A.B. asks: 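Input: one structure, supplied below.
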Number of protein chains: 2
Amino acid sequence: MNPSEAMFSKNAGLTGLPGYALRRAANAMMADLAGRLASIDLRISDSAVLQVIGERTDMTSSEIGKVLEIQRANMAPLLDRLESAQLIRREPIDRKSQAVVLTQHGLEQLATIRRVVLEFEEDLMARIPARHRPHFLPALRALMD
Amino acid sequence: MNPSEAMFSKNAGLTGLPGYALRRAANAMMADLAGRLASIDLRISDSAVLQVIGERTDMTSSEIGKVLEIQRANMAPLLDRLESAQLIRREPIDRKSQAVVLTQHGLEQLATIRRVVLEFEEDLMARIPARHRPHFLPALRALMD
DNA sequence: TATTGTTATACTCTATAACTATA
DNA sequence: TATAGTTATAGAGTATAACAATA
């Protein structure tokens, strides 16, 4: 069923439209992941930041934002939160920039995050019928920007 | 590349994770659609509601909410907006329930919405490489609930 | 008793504008 | 001049709790 068929079908409703289905799938996925991360008191975006700085050290706030498509302005309160939770430290690079680095506690939490996220991603893929599975990520990446 | 490979690859970053890619793709899609609907002064959820009541007449607010997974509490201000814009009317069914019906202006706007959304959905699918395309909607629907 | 509609409230993600200080 | 970090503010989607009125 292509979009035009879906729009005029009485059966499928909006769920026959890829855009609408994409939104609903993403919402369900976010709710699931948010629930799993709530047990370690983190938001989805918190965990994304921690995962990024766990792989690339000495990144500035702006660089993290570019990688994750988080606005500079929104990085500040996010990092404030992570700093309050003792998960990261801001270390001066020069008098303008600062590196965002994991604390010991942050490093420990990152191990948990990786475990939670990996299990989450595997559960997610497991719900997709096998014949469609290998096509899912390539399709998403084509839409990502 | 499966999730576990992606988690420990230095190259792909988080975009190798289907869940993260799903979130990014949905955000990009929503921004695109929101932009197209802004020209007719509607939000994405406004257009979804109008599309639904354009196909099934005499639906109550609660019923629309169930179909679109919009909380009852969030339907009220949404319908207030649509009513202020003269796109819908609330008509009493009994002393408790009311049907949400399209006005003449709502019916005219719906024609535009259908055109905009159909073009949007086609553009969206066109960005996905052909070999992945037929698998996209089935995969999303498997994740939808 | 369960449901409808509503109000109030809050959280998360995202977005823009504007300011400062420094590269 | 451009960039880094920040503050303030707003919009949009989603969520829960609670209430009155009615089925």
Side-chain angles (χ1 to χ4, degrees), chain A residues 14 19-20 22-38 41-49 58-84 88-100 145, chain B residues 14 19-20 22-38 41-49 58-84 88-100 145:
Chain A
L14 295 187
Y20 183 75
L22 175 55
R23 179 180 164 208
R24 286 272 294 259
N27 285 347
M29 176 278 293
M30 299 264 288
D32 180 352
L33 181 55
R36 300 188 192 210
L37 290 172
D41 235 68
L42 292 176
R43 300 181 187 176
I44 292 178
S45 43
D46 295 338
S47 85
V49 168
D58 276 11
M59 291 181 80
T60 66
S61 171
S62 294
E63 287 165 348
I64 298 167
K66 272 170 198 149
V67 171
L68 294 177
E69 285 192 347
I70 299 175
Q71 310 278 330
R72 235 172 41 255
N74 295 324
M75 285 299 299
L78 196 165
L79 293 179
D80 286 347
R81 242 190 357 263
L82 295 179
E83 198 166 36
S84 297
I88 61 142
R89 252 193 329 269
R90 288 161 156 126
E91 292 186 347
I93 293 177
D94 51 34
R95 275 184 305 178
K96 185 178 167 188
S97 301
Q98 31 195 337
V100 179
D145 34 31
Chain B
L14 295 188
Y20 183 75
L22 175 56
R23 180 181 163 205
R24 287 272 294 259
N27 285 348
M29 176 276 294
M30 300 262 289
D32 180 352
L33 180 55
R36 301 188 192 211
L37 290 172
D41 234 67
L42 290 177
R43 301 182 188 176
I44 293 178
S45 42
D46 295 339
S47 84
V49 167
D58 276 12
M59 290 180 80
T60 66
S61 171
S62 293
E63 286 166 349
I64 298 167
K66 273 170 199 151
V67 170
L68 294 177
E69 284 192 347
I70 299 174
Q71 310 278 331
R72 232 169 46 250
N74 296 325
M75 285 300 299
L78 196 165
L79 293 180
D80 287 346
R81 251 197 341 273
L82 295 179
E83 197 166 38
S84 296
I88 61 142
R89 253 195 327 271
R90 288 161 157 127
E91 292 186 346
I93 293 177
D94 51 35
R95 276 183 304 179
K96 183 177 166 188
S97 301
Q98 32 193 338
V100 180
D145 36 29

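Below, all heavy atoms of this structure are taken into account, side chains as well, without hydrogens, waters or symmetry copies. In what follows, chains are A, B, ... by sequence order, proteins preceding strands, each numbered from 1. A quick note: this is a predicted structure, and the numbers were derived from the prediction, not measured.
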A.B. asks: Nearest to the side chain of A:S61, heavy atoms from C-beta on, is which of D:dG5, C:dG5, D:dT7?
C.D. replies: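 Closest of the options to the side chain of A:S61: D:dG5.
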A.B. asks: Hey, which sits more toward the 5' end of DNA chain C by its nearest nucleotide, B:A31 or B:D80?
C.D. replies: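 Mapping each residue to its closest nucleotide by heavy atoms, the 5'-most match is B:D80.
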A.B. asks: Over how many whole Å does the gap from A:L79 atom CG to D:dG5 atom P extend?
C.D. replies: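 Interatomic distance, CG of A:L79 to P of D:dG5: 9 Å.
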A.B. asks: Donor-acceptor pair, distance only, cut-off 3.5 Å: does the side chain of B:D32 make one with the backbone of B:M29?
C.D. replies: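 No: the side chain of B:D32 does not pair with the backbone of B:M29.
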A.B. asks: Report yes if at least one side-chain N or O of A:R43 is closer than 4.0 Å to OP1 or OP2 of C:dC11; otherwise report no.
C.D. replies: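 No, no such contact exists.
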A.B. asks: Within this structure, what is the CG-to-P distance between A:D32 and D:dT14, rounded to whole angstrom?
C.D. replies: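 Result: 16 Å.
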A.B. asks: Are the side chain of B:N27 and the backbone N or O of B:R24 linked by a donor-acceptor pair below 3.5 Å?
C.D. replies: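 No, B:N27 side chain to B:R24 backbone: no donor-acceptor pair under 3.5 Å.
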A.B. asks: Can you tell me if the side-chain N/O atoms of A:K66 get under 4.0 Å from OP1 or OP2 in D:dT3?
C.D. replies: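 For A:K66, the contact criterion (side-chain N or O under 4.0 Å from OP1 or OP2 of D:dT3) is not met.
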A.B. asks: For A:I70 and D:dG5, give me the distance from atom CD1 to atom P, rounded to whole Å.
C.D. replies: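 Rounded to whole Å, this separation is 14 Å.
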A.B. asks: Starting the side chain at C-beta, find the nucleotide from D:dA23, C:dG5, C:dT6 nearest to B:S62.
C.D. replies: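 For B:S62, the side-chain atoms sit closest to C:dG5.
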A.B. asks: Give the nucleotide from the list D:dT7, C:dC13, D:dG5 with an atom nearest to the side chain of A:S97.
C.D. replies: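 Selected nucleotide: D:dG5.
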A.B. asks: Indicate whether OP1 or OP2 belonging to D:dG13 is found under 4.0 Å from a side-chain N or O atom of A:N27.
C.D. replies: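 No, A:N27 has no side-chain N/O under 4.0 Å of OP1/OP2 on D:dG13.
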A.B. asks: Does the base of C:dT4 carry an N or O that pairs as donor and acceptor with the side chain of B:K96 under 3.5 Å?
C.D. replies: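 Checked by distance alone, the answer is no.
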A.B. asks: Quick one: is D:dG13 close enough that its OP1 or OP2 comes under 4.0 Å of any side-chain N or O from B:S45?
C.D. replies: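 The answer is yes; a side-chain N or O of B:S45 sits under 4.0 Å from OP1 or OP2.
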A.B. asks: How about A:Q98 and A:T60: do any of their side-chain heavy atoms sit closer than 4.5 Å?
C.D. replies: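 Side-chain contact under 4.5 Å: no.
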A.B. asks: Decide if atom CG of A:D94 counts as having more than 12 heavy atoms of other residues, nucleotides or ligands within a radius under 6.0 Å.
C.D. replies: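 Yes, CG of A:D94 has more than 12 neighbouring heavy atoms, counting only those of other groups under 6.0 Å.
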A.B. asks: Counting side-chain heavy atoms from C-beta on, which of D:dG13, C:dT4, C:dT7 comes nearest to B:A73?
C.D. replies: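 In terms of side-chain proximity for B:A73, the closest of D:dG13, C:dT4, C:dT7 is C:dT7.
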A.B. asks: Tell me the interatomic distance from A:D94, atom CG, to D:dG5, atom C1', rounded to whole angstroms.
C.D. replies: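 In whole Å, D:dG5 C1' and A:D94 CG are 12 Å from each other.
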A.B. asks: Using side chain to side chain contact (heavy atoms under 4.5 Å, CB included), reason through A:R81 and A:R43 one step at a time and then give a plain yes or no.
C.D. replies: CA-CA 10 Å; A:R81 242 190 357 263; A:R43 300 181 187 176; 3.0 Å; yes
A.B. asks: Among D:dT16, D:dG13, C:dT6, find the nucleotide with the atom closest to the side chain of B:Q71.
C.D. replies: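 Taking heavy atoms from C-beta onward, the closest nucleotide is D:dT16.
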A.B. asks: CE of B:M30 versus P of D:dG11: gap in Å, rounded?
C.D. replies: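 Answer to the nearest Å: 17 Å.
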A.B. asks: Any donor-acceptor pair under 3.5 Å linking the side chain of B:S84 with the backbone of B:D80?
C.D. replies: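 It does hold such a pair.
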A.B. asks: Return the value, rounded to whole Å, for the distance between atom CD1 of A:I64 and atom C1' of D:dT6.
C.D. replies: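 Computing the A:I64:CD1 to D:dT6:C1' distance gives 15 Å.
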A.B. asks: By nearest atom, which of the nucleotides D:dT7, C:dA23, D:dG13 is closest to the B:I44 side chain?
C.D. replies: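 Shortest atom-to-atom distance from the side chain points to D:dG13.
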A.B. asks: Choose from C:dG5, D:dT22, C:dT7 the nucleotide whose nearest atom is closest to any side-chain atom of B:R72.
C.D. replies: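 Among the listed nucleotides, the one closest to the side chain of B:R72 is C:dG5.
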A.B. asks: Write down the distance between CZ (B:R90) and C1' (C:dT4), rounded to a whole number of angstrom.
C.D. replies: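 Result: 12 Å.
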A.B. asks: Taking CD from B:Q98 and C1' from D:dT22, how many angstroms apart are they, rounded to a whole number?
C.D. replies: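 It works out to 12 Å between those atoms.
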A.B. asks: Counting side-chain heavy atoms from CB outward, which of D:dT14, C:dT14, D:dG5 is closest to A:R23?
C.D. replies: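 So the side chain of A:R23 is nearest to D:dT14.
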